[in-house]
Amino acid sequence: MKHKLGLVLSGGGARGVAHLGVMKALEEFGIKPSILSGTSAGAIAAAFYAKGYSIAEILSIIKKGHFFSFSNILFKKQGCFSMKGFESIYARYFPTNSFSELNIPIHVAATDILKGEIVYFSSGDLSKSLMASSCVPVVFQPIQYNNTYYVDGGVLDNFPIEPLLHQCEQIIGISVNSIKTELTEIHMNNILDRSFHLSLSSSVKDKKGKCDLFIEPPDMSQFGLFDIKRIDQIYQYGYEYGLSLEKEIKALF
């Protein structure tokens with residue numbers, strides 16, 4: 001039996017909070033997914049939502065857990081940060097640390113850095129899967145799991161629609177990495193972030209046509225990957241954009 005509605009959530013660091021805003025708007029239109037797939041920040045949002053936490057609760061958890069910050073929970077080792085501190089956060093909110101405790105099934109994308117391939121987790125150790133999916137290369141030490149090493153799923157698949165294809169009646173995709181194209185200049189400290197954005201937008205372009213509805217709030221590059229001070233603003237930006245799509249959303253359902 002096919003799922004009625006699948007929801008795909010891209011990665012994007014702190015920009016992933018915009019997912020919550022769009023999802024809140026969808027809820028207000030009476031729309032809730034029956035299966036989710038996500039990468040990095042999208043995977044984190046998917047997991048908490050699938051567990052049954054409200055949008056307001058997830059936003060609060062993200063703030064308290066410093067998910068997109070290096071403070072308090074990260075420990076430096078061999079030039080990179082360790083993600084070990086995240087385990088205690090996940091243990092608090094996912095007591096059995098298993099995909100089976102979720103109310104809605106999810107797929108979590110991560111990159112196997114040794115084999116050079118994308119992996120979609122849907123069972124097993126939930127916290128390891130989420131850490132693997134959000135393990136930004138160079139910044140964090142790779143996550144060792146299942147006899148290999150993983151880094152951020154966005155390296156190979158920042159919009160993991162593949163696990164949902166052919167098993168959903170309809171698919172909504174949300175990407176939070178849109179870029180402003182009319183620039184006249186760019187500062188050196190923004191080049192890396194913009195290069196990252198350009199790479200992601202190219203890979204998503206071929207996939208968005210497979211969605212029944214593709215939602216991409218414009219000019220998301222105004223927010224940085226680790227822009228934790230603007231989390232409320234990012235959430236509100238996603239929420240208001242979601243509300244603006246009322247006509248398109250209601251036409252689909």
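Not measured: the values here are computed from a predicted model. The figures that follow rest on heavy atoms only: side chains count, while hydrogens, waters and symmetry mates do not.
A cation-pi arrangement is found for Lys32 relative to Tyr49, the charged atom lying closer than 6.0 Å to the ring centre and inside a 45° cone about the ring normal.
Among residues two or more places apart in sequence or in another chain, the side-chain hydrogen bond (donor to acceptor under 3.5 Å, both in side chains) test is passed with Gln167 by none.
Note on residues 91-106: pairs passing salt bridge (Lys or Arg N to Asp or Glu O under 4.0 Å), not counting sequence neighbours, are Lys51-Glu101. Counting only residues at least two apart or on different chains, no salt bridge (Lys or Arg N to Asp or Glu O under 4.0 Å) pair has a member in residues 109-135.
With Asn158 contributing its side chain and Val204 its backbone, the two residues share no donor-acceptor pair below 3.5 Å. Put simply, the side chain of Ser127 never gets that close to the backbone of Glu87: no donor and acceptor are under 3.5 Å apart. A donor-acceptor pair under 3.5 Å links the side-chain atoms of Ser133 to the main chain of Ser40, judged by distance alone. The closest donor-acceptor contact from the side chain of Asp227 to the backbone of Ala14 lies at 3.5 Å or more, if one exists at all.
For Glu28 and Tyr239, the side-chain atoms include at least one donor-acceptor pair closer than 3.5 Å.
The minimum heavy-atom distance between Pro33 and Leu7, with the atom names listed, is CB-CB, 3.8 Å. Closest non-hydrogen pair, Arg15 versus Ile234, comes out as O-CG2, 3.8 Å. Contact record, Ile35 with Cys168: CG2-SG, 3.6 Å, taken as the closest heavy-atom pair. What you find for Ser175 and Pro217 is that their closest heavy atoms are O-CD, 3.4 Å. Contact record, Thr39 with Ala109: OG1-CB, 3.4 Å, taken as the closest heavy-atom pair. Nearest heavy atom pair, residue Gly42 against residue His19, reads CA-CD2, 4.0 Å.
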- Item | Steps toward side chain to side chain contact (heavy atoms under 4.5 Å, CB included) verdict (Ser98, Leu126) | CA-CA 5 Å; Ser98 171; Leu126 181 59; 5.7 Å; no
- Item | From CA spacing to verdict: side chain to side chain contact (heavy atoms under 4.5 Å, CB included), Ile172, Asp212 | CA-CA 6 Å; Ile172 293 178; Asp212 295 281; 5.9 Å; no
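Classified by interplanar angle (parallel below 30°, tilted 30° to 60°, perpendicular above 60°), the ring pair Tyr150/Tyr145 is tilted. In this pair, Phe223 and Tyr237 present their aromatic rings perpendicular. The plane angle is above 60°, beyond the 30 to 60° band. Using the six-membered ring where Trp is involved, Tyr90 and Phe94 have ring planes that are tilted, between 30° and 60° apart.
A 4.5 Å side-chain heavy-atom check between Cys135 and Gln141 finds every atom pair outside the cut-off.
Environment of CZ in Phe29: crowded, with over 12 heavy atoms of neighbouring residues, nucleotides or ligands closer than 6.0 Å.
Here the CZ-OG distance, from Phe159 to Ser37, works out to 9.0 Å after rounding to the nearest 0.5 Å.
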